[in-house]
Amino acid sequence: MFSKPKEKAATEQMLDLDRIPAHIAIIMDGNGRWAKARHLPRIAGHQQGMQTVKKVTIAASDLGVKVLTLYAFSTENWKRPSSEVNFLMQLPIKFFDTFVPDLIKNNVRVMVMGDISALPAPTQKVVNQAIADTAHCTGMILNFALNYGGRDEIIRATKAIAKRVQTGDLTADNVDESVLSQAMMTGSLGDLADPDLLIRTSGEERLSNFMLWQLAYSEFVFVDQHWPDFDGESLKAAITTFQGRHRRFGGLENK
Ligand code: IPE
Ligand code: IPE
Ligand code: MG
């Protein structure tokens, strides 16, 4: 009778649990606008956004995601009013104080990328404690980008490589993609360093200095929801969209 449409709309498709992206990175955006729409102060949006982090972490872990990288604070976010920056610096304390037992229960290991030495001492302490408390966990890696900038990361990697060349540990000719990948803040993730899927909430369609090296061949999914409204279902919808994409990595389609 009728021929089937070649491609169903992403939302009609079923999530394929055998093809869950190994590394998902999320630019958690729209907290301020979420709050503004409710006539609340911006920090109320950040507070609510923290609850979303908890929900989405568990949802991703349940789906079998191997690495979930969350952009929490950029190297440019210091430009915001100090009251907002101060609140954002307190958030990891609130988050880890209540959530580390759940992370352990779900076998989730915490990792951080970014210059945490610039964070207030109590924030650094709680972050390092969470990393230590979950060091034995073998399930999903929850990687927070905190005071992270993609350009800052590239500069640091370049300096580290230049120093190795200076000391004779490496020759300039031997600098290749693998050397640079290992020098990045995701170096310890090995084959999992590059996100398969990048999600940005709030309708903005830009990278805002996020993972400039690692996102070279990632699939981008932009969703209109503000971060506090995002949830496990939104994550599944984004993964379903990802599963409808055809990644080619510069080659020809492998179907
Ligand atoms: C994302 O929400 C959280 C951080 C950048 C820390 P925003 O605070 O950027 O919210 P909008 O984009 O102003 O709505
Ligand atoms: C990116 O969002 C940073 C984080 C989500 C932590 P921003 O809200 O800071 O990005 P711009 O300023 O809109 O590009
Ligand atoms: Mg924003």
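Hydrogens, waters and symmetry mates are skipped; everything else that's a heavy atom, side chains included, is used.
In this structure a side-chain-to-backbone donor-acceptor pair under 3.5 Å is present from Asn209 to Gly150. Here the side chain of Asn77 pairs a donor or acceptor atom with the backbone of Ser74 at under 3.5 angstrom. For Arg245 (side chain) and Glu219 (main-chain N/O), no donor-acceptor pair under 3.5 Å exists by modelled atom type. Judged purely by atom type and a 3.5 angstrom limit, Asn147 has no side-chain atom pairing as donor or acceptor with the backbone of Gly114.
Between Thr57 and Asn106, the closest side-chain pair of non-hydrogen atoms is not below 4.5 Å. Between Phe144 and Ile131, the closest side-chain pair of non-hydrogen atoms is not below 4.5 Å. Side-chain contact check for Thr75 versus Arg151: every heavy-atom pair is 4.5 Å or farther apart. With a 4.5 Å cut-off on side-chain heavy atoms, Leu198 and Ile27 count as touching. Counting heavy atoms from C-beta outward, Ile239 and Ile24 have side chains that approach closer than 4.5 Å. The side-chain heavy atoms of Leu40 and Trp34, taken from C-beta on, include a pair separated by under 4.5 Å.
The same ILVMFWY cluster, assembled from side-chain heavy atoms under 4.5 Å apart, contains both Leu68 and Leu17. A continuous path of Ile, Leu, Val, Met, Phe, Trp and Tyr side chains, each step under 4.5 Å between heavy atoms, connects Leu91 with Phe96, placing both in one hydrophobic cluster. Hydrophobic clustering, with ILVMFWY side chains joined whenever heavy atoms are under 4.5 angstrom apart, keeps Val67 apart from Val53. Side-chain heavy atoms closer than 4.5 Å link hydrophobic residues (I, L, V, M, F, W, Y) into clusters, and following such links, even through other members, never connects Leu146 to Met113. Linking ILVMFWY residues whenever their side-chain heavy atoms come closer than 4.5 Å, directly or via other members, leaves Met211 and Ile141 in distinct clusters.
Closest non-hydrogen pair, Met28 versus Ala72, comes out as CE-CA, 3.7 Å. Closest approach of Val127 and Pro92 over heavy atoms only: CG2-CB, 4.2 Å. The minimum heavy-atom distance between Pro195 and Leu215, with the atom names listed, is CG-CD2, 3.7 Å. Between Arg80 and Val85 the shortest heavy-atom distance is O-CG2, 3.6 Å. Between Cys137 and Ile104, the shortest heavy-atom distance links the atoms SG-CA, 4.1 Å. When every heavy atom of Gln48 is checked against every heavy atom of Pro228, the shortest pair comes out as CG-CB, 3.8 Å.
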Go through the steps to decide whether Thr138 and Asn107 satisfy the test side chain to side chain contact (heavy atoms under 4.5 Å, CB included), and finish with yes or no.
-> CA-CA 6 Å; Thr138 55; Asn107 200 21; 2.9 Å; yes
Taking it one step at a time, do Lys236 and Glu233 satisfy salt bridge (charged side-chain N to carboxylate O under 4.0 Å, His left out)?
-> CA-CA 5 Å; Lys236 284 186 191 165; Glu233 286 309 307; 3.6 Å; yes
Apply the test side chain to side chain contact (heavy atoms under 4.5 Å, CB included) to residues Lys54 and Asp102: give CA-CA distance (whole Å), side-chain angles for both, the deciding distance (0.1 Å), then the verdict.
-> CA-CA 9 Å; Lys54 293 180 180 177; Asp102 287 314; over 6 Å; no
CA sep, side-chain torsions, deciding dist, call: Ile199, Leu235, side chain to side chain contact (heavy atoms under 4.5 Å, CB included) = CA-CA 9 Å; Ile199 301 169; Leu235 180 69; 3.9 Å; yes
Donor-acceptor pairs are to be reported for all side-chain atoms of residues 177-192 against protein atoms at under 3.5 Å, with residues two or more places apart or in another chain.
from	atom 1	to	atom 2	distance (Å)
Ser181	OG	Glu177	O	3.1
Ser181	OG	Trp213	NE1	3.2
Thr186	OG1	Gln214	NE2	2.8

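We find the CG-CG distance between Asp229 and Asp224 to be 11.5 Å, quoted to the nearest 0.5 Å. One finds the NZ atom of Lys105 at 10.5 Å from the CG atom of Leu103 (value rounded to the nearest 0.5 Å). Within the model, atoms CZ of Arg33 and CH2 of Trp227 stand 14.0 Å from one another, a figure rounded to the nearest 0.5 Å. Separation of atoms CD1 (Ile20) and CD (Gln243) is listed at 5.5 Å; rounding is to 0.5 Å. With rounding to the nearest 0.5 angstrom, the CE atom of Met111 is 12.5 Å from the CE atom of Met140. A distance of 10.5 Å separates CG of Asp169 from CG of Asn174, quoted to the nearest 0.5 Å.
Arg200 and Asp29 are joined by a salt bridge, as a carboxylate oxygen and a charged side-chain nitrogen come within less than 4.0 angstrom of each other.
Not a single side chain to side chain donor-acceptor pair (under 3.5 Å) links Tyr71 to another residue, sequence neighbours left out.
In this pair, Phe220 and Phe222 present their aromatic rings perpendicular. The plane angle is above 60°, beyond the 30 to 60° band.
For Lys159, the NZ atom counts as loosely surrounded, since its 6.0 Å shell holds 12 or fewer non-hydrogen atoms of other residues, nucleotides or ligands. Residue His39 qualifies as open at atom NE2: its count of foreign heavy atoms under 6.0 Å is 12 or below. Heavy atoms of other residues, nucleotides or ligands lying less than 6.0 angstrom from NZ of Lys55 number more than 12. In Arg38, the CZ atom is crowded: over 12 heavy atoms of neighbouring residues, nucleotides or ligands sit closer than 6.0 Å.
Under the 3.5 Å distance criterion, with hydrogens and angles disregarded, no donor-acceptor pair is assigned to the side chains of Asp194 and Ser218. No side-chain donor-acceptor contact under 3.5 Å links Ser83 and Asn86.
When each of Phe210, Trp78, Tyr148 is tested with Phe73 by the rule ring pair (Phe, Tyr, Trp, His ring centres under 6.0 Å), just one qualifies, namely Trp78. Of the options Leu197, Val56, Thr52, Thr69, a side chain to side chain contact (heavy atoms under 4.5 Å, CB included) to Ile26 is made by Val56 and by none of the others.
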